[in-house]
Amino acid sequence: MKLCMIGTGYVGLVSGVCFSDLGNKVICTDVDKKKINKLNSGKIPIYEPGLEELVKKNFSQKRLSFTTDINSAIKNSDIIFICVGTPTQKKSNTANLKYVFQVANMISKNVNKYKVIVTKSTVPVTTGDKIEKIIRNRNKLNKFDVVSNPEFLREGEAIRDFVSPDRVVVGTKSKKANKIMKSLYLPIVKKDSRYFNISRRGAELVKYASNAFLATKISYINELANLCEKASVDIKDISIGMGLDQRIGERFLRAGPAYGGSCFPKDTRALVDTADKFKINLSIVKNVIKSNESRKDLLLKRIHRILGNNLKKKKITFLGVTFKPNTDDMREASSLKMISYLSSKGTFVSYHDPSGKKEVLDKIKNVKFHKNISSSCYKTDLIIIHTEWNEYKQLNFKKLVNKKKFKIYDLRNLYSPKKMLADKIDYFGIGR
Ligand SMILES: NC(=O)c1ccc[n+]([C@@H]2O[C@H](COP(=O)([O-])OP(=O)(O)OC[C@H]3O[C@@H](n4cnc5c(N)ncnc54)[C@H](O)[C@@H]3O)[C@@H](O)[C@H]2O)c1
């Protein structure tokens with residue numbers, strides 16, 4: 001099949017490449033010329049394990065191409081995927097659908113034969129109706145269906161998630177469009193995931209409902225971790241004890257910093273905003289958002305305590321700054337608020353991250369990136385293990401820091417408190 005991805009970001013690039021690997025002809029498009037030029041010269045604009053090899057393979061076999069000529073790409077394709085961003089609008093909780101509607105307008109000018117128009121971007125319920133209206137109003141041919149096919153891949157595991165999804169949700173009442181989507185996903189669905197055809201509005205809402213539920217799970221265990229700290233209980237025991245119940249499940253029950261990333265924060269906000277517009281009060285999700293925001297302050301207070309309320313001129317090292325491992329994505333990472341606060345209090349922040357230097361941190365005073373872990377930790381006062389990269393799981397801190405007194409705040413509970421005590425290292429974890 002001939003496919004066109006509009007928006008070549010984390011979702012558009014990964015899904016486009018994976019579709020091409022399944023034998024489809026895929027054109028990945030974007031308005032960002034730099035990104036397309038990079039891809040055409042064999043460079044991958046994002047950090048995602050396994051992606052480079054897959055891009056190179058399918059590009060050289062001519063199943064995958066990259067262009068900024070979106071009009072021609074739409075004309076020459078049977079299925080058009082909308083994969084542009086849907087960030088939160090400034091000073092509100094509303095999802096900004098500007099890019100989605102721009103794309104809908106573009107599509108409306110280029111429907112020259114029957115096409116399936118698929119929204120992969122995460123959009124509030126009823127957006128598909130609006131996209132359909134835009135195209136129908138402008139295109140006389142009326143040969144198209146608008147389908148919702150939300151994406152559930154996780155950054156860092158994106159390729160595996162895409163080719164082995166738990167489910168493929170396709171929202172459409174059109175038999176023709178559903179048949180096409182089913183045959184597109186057939187090679188993936190064969191491998192025990194479920195193809196789930198529901199209404200378009202249902203598919204739009206399933207995505208938000210899922211993300212808000214996962215965010216709730218994280219906030220729930222994070223709040224319980226606070227109680228564990230006071231009651232001298234190890235949160236790990238609680239997570240395992242709860243997770244063994246199959247009705248609950250063990251995933252997303254690991255206490256840590258506030259959740260971040262490109263999806264949970266904006267999607268929880270957009271969901272409560274949509275519900276408010278329907279005059280429904282999603283009080284649980286509203287409180288999850290509040291709980292997550294206050295978690296950042298709570299951890300900062302803890303850092304104050306750990307350093308004896310004396311932050312000035314202290315050296316603090318962040319091991320990992322991305323919101324999770326195996327990605328370079330800094331969108332709404334909890335490290336952002338933590339680092340800018342610490343810098344404002346006169347600390348010197350060194351950081352290391354396997355995905356490299358971060359532009360967003362360049363603007364903050366007294367913040368320095370280190371290419372290797374040892375130089376970032378050298379003579380530091382406090383190491384904050386922020387992101388659970390494999391690189392940080394077996395470190396010899398005494399050797400790295402090379403100084404008698406230093407402290408560790410392990411936000412991911414990677415190390416054994418007993419072992420740290422035996423090694424005479426001042427060690428603090430989460431919920432322990
Ligand atoms: N990142 C994830 O892990 C993830 C997972 C599931 C769903 N989603 C959803 O998928 C959507 C895309 O997310 P992302 O992380 O890939 O975003 P992204 O910011 O990485 O990529 C979006 C791309 O769209 C391009 N773009 C913007 N306007 C355009 C236009 N008019 N025409 C062509 N290209 C245009 C941008 O230049 C950018 O490259 C969002 O709605 C997001 O919520 C993301």
Side-chain angles (χ1 to χ4, degrees), residues 47 87-88 90-91 222 226 256-262 264-266 289-325 327-389 391-392 395 397 400-403 405-412 414 425-430:
Y47 180 99
T88 308
K90 267 191 189 147
K91 291 184 186 157
N222 279 346
N226 300 340
Y259 62 74
S262 64
F264 289 178
K266 81 169 174 65
I289 297 169
K290 267 193 210 154
S291 166
N292 197 56
E293 276 310 308
S294 65
R295 183 143 193 88
K296 295 173 199 168
D297 299 327
L298 192 136
L299 298 191
L300 285 169
K301 270 190 198 149
R302 187 102 202 267
I303 293 171
H304 266 283
R305 278 210 308 275
I306 290 173
L307 287 175
N309 289 319
N310 181 16
L311 295 181
K312 210 155 191 200
K313 296 210 168 137
K314 288 274 160 49
K315 179 176 173 183
I316 299 184
T317 301
F318 271 73
L319 292 182
V321 288
T322 53
F323 79 101
K324 67 169 175 179
T327 182
D328 57 352
D329 202 339
M330 284 297 288
R331 286 178 280 187
E332 304 213 33
S334 62
S335 62
L336 286 172
K337 183 167 179 182
M338 294 173 86
I339 291 176
S340 57
Y341 173 85
L342 293 170
S343 143
S344 76
K345 294 289 168 199
T347 64
F348 296 97
V349 177
S350 300
Y351 76 95
H352 171 269
D353 194 282
S355 69
K357 195 170 183 279
K358 304 293 163 224
E359 234 179 88
V360 272
L361 296 178
D362 285 351
K363 297 167 205 145
I364 308 172
K365 222 173 110 188
N366 293 331
V367 176
K368 194 172 171 208
F369 168 70
H370 292 261
K371 262 191 178 164
N372 49 60
I373 300 174
S374 55
S375 70
S376 72
C377 292
Y378 188 67
K379 303 264 186 226
T380 197
D381 296 298
L382 172 68
I383 293 175
I384 296 177
I385 305 175
H386 176 271
T387 315
E388 204 178 341
W389 288 89
E391 282 84 339
Y392 306 143
L395 297 174
F397 291 106
L400 288 172
V401 178
N402 201 8
K403 161 177 158 184
K405 282 212 160 244
F406 65 93
K407 297 177 180 189
I408 297 177
Y409 189 15
D410 180 0
L411 305 186
R412 300 292 175 175
L414 297 184
I425 294 176
D426 252 346
Y427 173 85
F428 306 84
I430 293 279

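Keep in mind it's a predicted model, so treat the numbers as computed, not measured.
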Next on the checklist: Contact between His352 and Thr317 at the side-chain level, heavy atoms closer than 4.5 Å - yes or no?
Outcome noted: no

Item to check | Any side-chain heavy-atom pair of Ser355 and Trp389 under 4.5 Å | outcome: yes

Item to check | Spacing of OG belonging to Ser294 relative to CG belonging to Asn226, to within rounding of 0.5 Å | outcome: 8.5 Å

Checklist entry - Where is the tightest heavy-atom contact between Ser350 and Ser376, given as atom of each residue plus distance? => result CB-O, 3.6 Å

Checklist entry - Atom NZ in Lys266, atom CZ in Arg331: separation rounded to 0.5 Å? => result 8.0 Å

Checklist outcome for this item: Scanning both residues in full, the closest heavy-atom pair of Leu414 with Tyr427 reads N-OH, 4.3 Å

Checklist entry - Got a donor-acceptor contact below 3.5 angstrom from the Lys324 side chain to the Asp329 backbone? => result no

Next on the checklist: Please verify the inter-ring angle class for Tyr259 with Phe264; under 30° counts as parallel, over 60° as perpendicular, anything in between as tilted.
Outcome noted: perpendicular

Checklist entry - Is a side-chain donor or acceptor of Ser374 paired with a backbone partner of Leu400 at a separation under 3.5 angstrom? => result no

Checklist entry - Would a distance-only check, ignoring hydrogens and angles, find a side-chain to backbone donor-acceptor pair under 3.5 Å from Tyr351 to Lys358? => result yes

Next on the checklist: Could you tell me if the side chain of Leu319 sits less than 4.5 Å from the side chain of Leu395, heavy atoms only?
Outcome noted: yes

Next on the checklist: Using 0.5 Å steps for rounding, measure from the OG1 atom of Thr347 to the NZ atom of Lys314.
Outcome noted: 10.5 Å

Item to check | Side chain to side chain, Ile316 and Leu307, heavy atoms closer than 4.5 Å | outcome: yes

Next on the checklist: Please report the interatomic distance CG(Asp426) to CD1(Ile383), rounded to the nearest 0.5 Å.
Outcome noted: 12.0 Å

Checklist entry - Taking atom OH of Tyr392 and atom NE2 of His386, what is their separation to the nearest 0.5 Å? => result 11.0 Å

Next on the checklist: For Thr322, is there any backbone N or O sitting under 3.5 Å from a side-chain donor or acceptor partner on Asp353?
Outcome noted: yes

Checklist entry - Taking C-beta and beyond as the side chain, do Asn292 and Ile289 meet within less than 4.5 Å on heavy atoms? => result no

Checklist entry - Can you tell me if Arg295 uses its side chain to pair, donor with acceptor, with the backbone of Gly256 under 3.5 Å? => result yes

Checklist outcome for this item: Correct closest heavy-atom pair for Met330 and Ser335 would be CE-OG, 3.7 Å

Item to check | Smallest separation among heavy atoms of Gly260 and Pro265, with atom names | outcome: O-CD, 3.6 Å

Next on the checklist: Less than 4.5 Å apart, side chain to side chain, heavy atoms only: is that true for Glu388 and Leu411?
Outcome noted: no

Item to check | Nearest atoms (heavy-atom pairs only) where Phe406 meets Thr380 | outcome: CB-O, 3.5 Å

Next on the checklist: Given Asp381, which partner from the list Lys407, Lys313, Lys405, Lys403 fulfils the side chain to side chain donor-acceptor pair (under 3.5 Å) test?
Outcome noted: Lys403

Checklist entry - When rounded to the nearest 0.5 angstrom, what is the spacing between CG in Leu382 and NZ in Lys315? => result 11.5 Å

Checklist entry - Do the side chains of Tyr409 and Leu299 get nearer than 4.5 Å, heavy atoms only? => result yes

Checklist entry - Do other residues, nucleotides or ligands put more than 12 heavy atoms under 6.0 Å from the NZ atom of Lys379? => result yes

Checklist entry - Does any N or O in the side chain of Asp328 come within less than 3.5 Å of the main-chain N or O of Tyr47, such that one atom is a donor and the other an acceptor? => result yes

Item to check | Pairwise side-chain contact, Leu336 with Val321, heavy-atom cut-off 4.5 Å (strictly under) | outcome: no

Item to check | Partner of Asp297 under side-chain contact (heavy atoms from CB on, under 4.5 Å), chosen from Met338, Arg302, Lys337 | outcome: Lys337

